[in-house]
4 protein chains.
Amino acid sequence: MLTVDPTDPTPLYAQLDRGIRAAIASGQLKVGDRLPTVRRLAIDLRVNTNTVARVYAELERSGVLTTHRGVGTFVREASATQGTPARRDLDRDLRPLVDRLLAEAAVIGISLADVIRYLERLESRPTSEN
Amino acid sequence: MLTVDPTDPTPLYAQLDRGIRAAIASGQLKVGDRLPTVRRLAIDLRVNTNTVARVYAELERSGVLTTHRGVGTFVREASATQGTPARRDLDRDLRPLVDRLLAEAAVIGISLADVIRYLERLESRPTSEN
Amino acid sequence: MLTVDPTDPTPLYAQLDRGIRAAIASGQLKVGDRLPTVRRLAIDLRVNTNTVARVYAELERSGVLTTHRGVGTFVREASATQGTPARRDLDRDLRPLVDRLLAEAAVIGISLADVIRYLERLESRPTSEN
Amino acid sequence: MLTVDPTDPTPLYAQLDRGIRAAIASGQLKVGDRLPTVRRLAIDLRVNTNTVARVYAELERSGVLTTHRGVGTFVREASATQGTPARRDLDRDLRPLVDRLLAEAAVIGISLADVIRYLERLESRPTSEN
DNA sequence: GTGGTCTAGACCACG
DNA sequence: GTGGTCTAGACCACA
């Protein structure tokens, strides 16, 4: 479920950090769920153990995860979704995500119109959460 | 119009590269349009001249832009969009990109409907404030 | 083995790029071989670290090299050599390159026979002093 | 006959300078031959007039060309071929030319062996001078 | 210790 | 005045 893309210029640790937060925010990981061990995840992602360990540590420092020694690492909070539901600055917050999507879609020949059409279909028949 | 966020762990050059590709994909930059000069954009984005020049150079090597020395840098015809002209399996190709967007949008409390609304605005007002 | 000439008007990075491609083409560098580290080569060639790093990065984007962060840079499989696997019209494709070589060799008093002798030596002693 | 390649990283002026010297050395231009006018050549090569004019001026300064005002520009000397026929440092002089050939040949899928074979055929049935 | 990114600032090629 | 190349040197990501 969690993945990193070694060809993405974004640092691995940042990809993993975002990925975990996103999995929690979108409900794929729920409060109390146990995460893979550092070594397990490092192997699965083909990434150095230190990289995974550093991300877990940072997420624990942020209060997102909690580690019980000898037991495992768990989701601690439902990830502070929203934040400023009213004063959302979409151009600051959504823009980079959309730019990335459009840029990667364009590379494989998918246009903005295609994306919108696809999202509208998704909306009318929601798959899981969101 | 183009922006970068120095606090984003994504490298500046990657943010700018994506931003330009996305601007073209969304119609805000059209074939033949001239981009800001390297120095101008560097000042506007508060990044180094070399960083902008590097992005322009890479986008030229990728066939997205074309540069006329001593004249300027321009959007090139959308030739990069072959690849799979016919066989488009959106569920296979677009799905993972969309999933990541929605998961990361969820982190900051942005829903699918918000995303669709944002993209539709992008589509309807192309080539606005260059 | 790799060299650059600072008095040549050809940009240093282009000289190095060509030198590496030529070394691979002539068998002096083989698939899987590790290249000198960026810093090592920069010192040996008396050029800036960035110049070498830029060439390695571009050759990776071109699929000629592959880089393992924290490990090193290696020669990748000769995948770039598709294109026209069968249809090879040497008189159309090679001729102009050869003509230019011979004309420029003539400027410094080097004959066709000299060139052939030089290339044969290259071919017979591959992978010599790395 | 004279050409420049705008995609070659070598500066246009250097390409043209080399091209003229090479044409003289290889006998395509002979002593007393008239060169195209600056404007004519600029148009043919799709290059700025200043660029051609600067090359002609530099070659005149070097004694390779001579200009008769209102008449034209002419080849003045048979281009000092050889130079050090005995103590040729092939690795310094031939190497960059060969690297360029091999690198460009490799890009279009032509190997060192192909090049050698082609040159040997050329040698056995010489086409013009060389 | 290896490669990657960024900056400040100089100088060059070209129009 | 536009883009291109190079340097010195700092700091980061990763193994």
Side-chain angles (χ1 to χ4, degrees), chain A residues 4 6 8-17 42 45-55, chain B residues 4 6 9-16 34-42 45-61 65-74, chain C residues 4 6 9-16 34-42 45-61 65-74, chain D residues 4 6 8-17 42 45-55:
Chain A
V4 295
D8 189 315
T10 306
L12 298 178
Y13 84 89
Q15 291 185 48
L16 185 51
D17 177 300
L45 300 181
R46 297 161 182 281
V47 152
N48 190 281
T49 309
N50 292 333
T51 303
V52 177
R54 241 178 273 137
V55 171
Chain B
V4 295
T10 306
L12 298 177
Y13 82 88
Q15 292 183 47
L16 183 53
R34 178 174 172 178
L35 278 84
T37 70
V38 169
R39 289 161 172 77
R40 179 75 257 143
L41 189 53
L45 299 181
R46 299 163 185 281
V47 300
N48 189 273
T49 308
N50 289 334
T51 303
V52 177
R54 173 184 179 185
V55 172
Y56 279 15
E58 284 194 4
L59 287 174
E60 181 176 22
R61 291 215 325 146
L65 303 180
T66 180
T67 193
H68 297 179
R69 304 186 56 145
V71 181
T73 303
F74 302 83
Chain C
V4 295
T10 306
L12 297 177
Y13 82 88
Q15 293 182 47
L16 183 52
R34 178 173 172 180
L35 278 82
T37 69
V38 169
R39 290 159 171 79
R40 178 77 257 142
L41 190 52
L45 300 182
R46 299 161 183 283
V47 300
N48 189 274
T49 308
N50 288 334
T51 303
V52 176
R54 173 183 178 186
V55 171
Y56 280 15
E58 284 195 4
L59 287 173
E60 180 175 24
R61 291 213 327 145
L65 302 180
T66 180
T67 193
H68 297 179
R69 303 186 58 145
V71 182
T73 304
F74 302 83
Chain D
V4 295
D8 188 316
T10 306
L12 298 178
Y13 85 88
Q15 291 187 48
L16 185 51
D17 177 299
L45 300 181
R46 298 161 183 281
V47 151
N48 189 281
T49 309
N50 291 333
T51 304
V52 177
R54 242 179 271 137
V55 172

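Computed from a predicted structure; not experimentally measured. A note on names: the letters A, B, ... follow the listed sequences, proteins ahead of strands, and every chain is numbered from 1.
- Going from atom CD of Q15(C) over to atom C1' of dC6(F) covers 13 Å, rounded to whole Å.
- Rounded to a whole Å, the CD atom of E58(C) is 16 Å from the C1' atom of dG3(E).
- We find the CD-OG1 distance between Q15(C) and T10(D) to be 8.5 Å, quoted to the nearest 0.5 Å.
- Residue whose closest nucleotide on DNA chain E sits further toward the 5' end, between T67(C) and V71(B): T67(C).
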Evaluate T67(B) against Y56(B) for side-chain contact (heavy atoms from CB on, under 4.5 Å), listing each step before the verdict.
CA-CA 8 Å; T67(B) 193; Y56(B) 279 15; over 6 Å; no
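- Within the 4.0 Å cut-off from OP1 or OP2 of dT5(F), at least one side-chain nitrogen or oxygen of R54(C) is found.
- At a threshold of 4.5 Å between non-hydrogen side-chain atoms, the residues L16(A) and T51(A) do not count as touching.
- The base of dG4(F) lies outside donor-acceptor range of the side chain of N50(B), with no N or O pair under 3.5 Å.
- In terms of polar N and O atoms assigned as donor or acceptor, the side chain of R69(B) never comes within less than 3.5 Å of the base of dG4(F) in a complementary pairing.
- Under 4.0 angstrom from either OP1 or OP2 of dT5(E) there lies no side-chain N or O belonging to T51(B).
- A cation-pi arrangement is present between R54(C) and Y13(C) under the rule of less than 6.0 angstrom and at most 45 degrees off the ring axis.
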Take L41(B) and L35(B) through the test side-chain contact (heavy atoms from CB on, under 4.5 Å) and record every step on the way to the result.
CA-CA 9 Å; L41(B) 189 53; L35(B) 278 84; 5.8 Å; no
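- Nucleotide dC14(E) is matched to dG1(F) when pairs are restricted to Watson-Crick or G-U wobble geometry with both distances under 3.5 angstrom.
- In this structure, of dT7(E), dG15(E), dC6(F), it is dC6(F) that holds the atom nearest to the side chain of P11(C).
- On a pure distance criterion of 3.5 Å, no polar donor-acceptor pair joins the side chain of R39(C) and the base of dG1(E).
- Sequence order on DNA chain F of the closest nucleotides to R46(C) and T10(A) puts R46(C) first from the 5' end.
- Nearest-nucleotide assignment on DNA chain E puts the 5′-proximal partner with E60(C), out of E60(C) and N48(D).
- R40(C) comes within contact range of no nucleotide atom at all, as no heavy-atom separation falls under 4.0 Å.
- Among the nucleotides dG3(E), dT7(E), dT2(F), the one closest to the side chain of V47(B) is dT7(E).
- Side-chain proximity of Y13(B) to dG4(E), dA15(F), dT5(E): nearest is dT5(E).
- An OP1 or OP2 oxygen of dG3(F) is reached within less than 4.0 angstrom by a side-chain nitrogen or oxygen of T73(B).
- Looking at which nucleotide of DNA chain F each of L35(B) and L12(A) is closest to, the 5′-most match is held by L35(B).
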